[in-house]
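Heads up, the thing below is written out as structure tokens.
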Amino acid sequence: MSNSKLRALTWWRKWAKKDWAVAAVGFSVIVFLFTLMSNSWRHDSKVNHPFDHDRIPDLVDLTLLHDAKDRGALCLDGSLPGYHFQKGFGSGSNNWLLHIEGGGWCNSIASCSSRKLTALGSSKYMERQVPFTGILSPHPSQNPDFFNWNKVKIRYCDGASFAGHPESELKNETGLFFRGQLIWEAIMDELLSVGLSKAKQALLSGCSAGGLATLIHCDDFRELLPKDATVKCLADAGFFLDEKDVLGNQTMRSFYNDVVHLQGVAKSLHKDCVARMEPYSKCLFPQEIVKKIKTPVFLVNPAYDFWQIQNVLIPVASDPHGYWRNCRQSIHNCNPSQLDILQGFRNSLLRALSEFQKIKEGGMFINSCFVHCQTWMAETWHSAKSPRINKKTIAESVGDWFFNRKAVKQIDCPYPCNPTCYNLDFT
């Protein structure tokens, strides 16, 4: 592995100890990519080299919102937000796919101040070009249903799933900008001006914290587009659970409460939920959000989401003696009693999804893999070696749902039954 990859992994581990929710989600994307590149995947079908090295990913330039400053739509550090846009062609010229980048949240002045020194808080540190792969790929072999659509990757630099409000900045004098909602509105206005307003079909998607942002803004997105357009939403690894950790602490609920209050997120959440829920920060959990969404939604989620296992179920602070250390790093290392607890976590996910499962227009792909986001990489989105349920890849399942080819409510059998899974190994 190159020195740059080692530095990235070391940085992630350092941050994870310092502030688990900022770093673990925010840099799980980095870990995911570098882990793939260094062949540290474990694939139950014994595939050793998941990357197709003959395919050079398409690089797409970063576009900064130059009118954002006048609108006050700024990243945490006051820099301009941005996105990457690849124009559609052929039959996809009037169709749009938007993908919101993941990257965790910051819940304190200290964590937001650290975050603003990274690409997750400032466009000063964003790559000027990024590859479009998986759901963003322009190649039909990787992306059979959406390859020729207009595609946009929205960069994430506000730390609150595009839901922060500037009024909350009055609580501090640190020069932090909580402008997530304004960034969302500014980017939508710019995209509408370059063709999104004429969309015939549109899919709003996102990974991790971007998946949560997708759920928060799904109905708003629908309202922006023509009434006769087909508009749907896809959240990948964004269904975070309000679940106690192994010591019985409400770690994730407490963290979300801090995010909501620090950045004034309540104004972007459903008013009815905020009015009735105590504490109202619980309205940030997807289980509550999906109850109010009118637009059709598809949920892609691993039942053994490594990020949730490492940070919701078994945060470092809940394992002071290291009993869970090996299991947290690889599901293959879990002993039978630990696996029982992980199966209980899977059961909690399925219970949380039980009402959503009854929604006719909704779709699901819940596989039994130890992974996080799965739509943005060709290897997990659509390839010969991709994870499957009932012989269908995630891409095929999403396509069947979006185009109404068939109802899709795919729920995998429990681990370790699915030999097509990619299971991340952090050892």
Side-chain angles (χ1 to χ4, degrees), residues 1 5-6 8-17 20-21 23-51 208 237 240-241 243-249 251-252 301-350 366-374 377 379-380 385-389 412-427:
M1 191 187 298
K5 295 172 190 171
L6 282 169
L9 286 170
T10 303
W11 191 25
W12 181 85
R13 292 189 181 109
K14 177 181 176 183
W15 273 60
K17 292 177 182 178
W20 63 267
V25 165
F27 299 109
S28 64
V29 174
I30 297 172
V31 174
F32 187 84
L33 178 59
F34 290 141
T35 308
L36 273 171
M37 295 177 72
S38 62
N39 292 324
S40 61
W41 283 84
R42 287 220 186 160
H43 191 297
D44 292 339
S45 65
K46 308 303 181 185
V47 175
N48 295 319
H49 301 285
F51 252 72
S208 192
F240 297 95
L241 294 180
E243 189 78 358
K244 292 181 179 179
D245 66 28
V246 290
L247 292 184
N249 299 318
T251 302
M252 193 64 178
N301 232 85
Y304 309 93
D305 183 326
F306 81 76
W307 187 86
Q308 294 205 55
I309 287 173
Q310 292 177 351
N311 297 286
V312 177
L313 181 64
I314 319 164
V316 172
S318 73
D319 186 34
H321 304 296
Y323 171 72
W324 285 94
R325 183 181 297 114
N326 292 335
C327 180
R328 290 175 80 253
Q329 293 178 338
S330 172
I331 196 169
H332 297 285
N333 296 335
C334 300
N335 64 40
S337 62
Q338 290 171 331
L339 277 178
D340 284 344
I341 292 175
L342 265 57
Q343 302 296 11
F345 191 77
R346 172 183 180 270
N347 292 337
S348 294
L349 173 65
L350 298 183
I366 311 298
N367 59 8
S368 292
C369 308
F370 188 71
V371 68
H372 191 46
C373 294
Q374 300 180 86
M377 295 290 292
E379 287 68 29
T380 47
K385 303 164 189 174
S386 290
R388 284 167 165 76
I389 302 178
D412 211 351
C413 47
Y415 174 87
C417 72
N418 191 337
T420 69
C421 271
Y422 282 113
N423 294 312
L424 274 175
D425 185 346
F426 292 92
T427 58

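Taken from CG in L313 to NZ in K244, the straight-line distance is 13.0 Å, to the nearest 0.5 Å. The line from CD1 of I389 to SG of C369 is 7.5 Å long, rounded to the nearest 0.5 Å.
Listed by chain and number, the residues in a side-chain contact (heavy atoms from CB on, under 4.5 Å) with N335 are Y323, S337, Q338 (sequence neighbours excluded). Listed by chain and number, the residues in a side-chain hydrogen bond (donor to acceptor under 3.5 Å, both in side chains) with S318 amount to none (sequence neighbours excluded). For N301, the side-chain hydrogen bond (donor to acceptor under 3.5 Å, both in side chains) test picks out no residue, with sequence neighbours left out. Residues passing the side-chain hydrogen bond (donor to acceptor under 3.5 Å, both in side chains) test with Q329, sequence neighbours excluded: none. By the side-chain contact (heavy atoms from CB on, under 4.5 Å) test, R346 pairs with A303, Y304, Q343, L350, S368, I411, P414, sequence neighbours left out. Take D245 and apply the side-chain hydrogen bond (donor to acceptor under 3.5 Å, both in side chains) test, not counting sequence neighbours, and it matches T251.
The side chain to side chain contact (heavy atoms under 4.5 Å, CB included) test with T380 is passed by exactly one of S386, P302, P387: P387.
Between C334 and L342 the shortest heavy-atom distance is SG-CD2, 4.0 Å. When all heavy atoms of H372 and S208 are compared, the pair lying nearest together is NE2-OG, 2.8 Å.
Put simply, the side chain of K385 reaches to within 4.5 Å of the side chain of Y422, judged on heavy atoms. No side-chain heavy atom of R328 sits less than 4.5 Å from a side-chain heavy atom of N333. Considering only heavy atoms from C-beta on, D412 stays 4.5 Å or farther from I366 through its side chain.
A distance of 6.0 Å or more separates the ring centres of F370 and Y415.
S330 places no side-chain N or O within 3.5 Å of a backbone atom of N326 that could act as its donor or acceptor partner. Under the 3.5 Å distance criterion, the side-chain polar atoms of Q308 are matched with a main-chain donor or acceptor of L241.
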D319 vs V246, test: side chain to side chain contact (heavy atoms under 4.5 Å, CB included). Steps then yes/no. CA-CA 8 Å; D319 186 34; V246 290; 5.9 Å; no
Trace of the side chain to side chain contact (heavy atoms under 4.5 Å, CB included) decision for I341 with W324: CA-CA 11 Å; I341 292 175; W324 285 94; 3.6 Å; yes
Using the side chain to side chain contact (heavy atoms under 4.5 Å, CB included) rule, take N423 and F306 through it: C-alpha gap first, then chi angles, then the decisive distance, then the call. CA-CA 9 Å; N423 294 312; F306 81 76; over 6 Å; no
Does the side chain to side chain contact (heavy atoms under 4.5 Å, CB included) test come out yes or no for D305 and V371, once each step is laid out? CA-CA 5 Å; D305 183 326; V371 68; over 6 Å; no
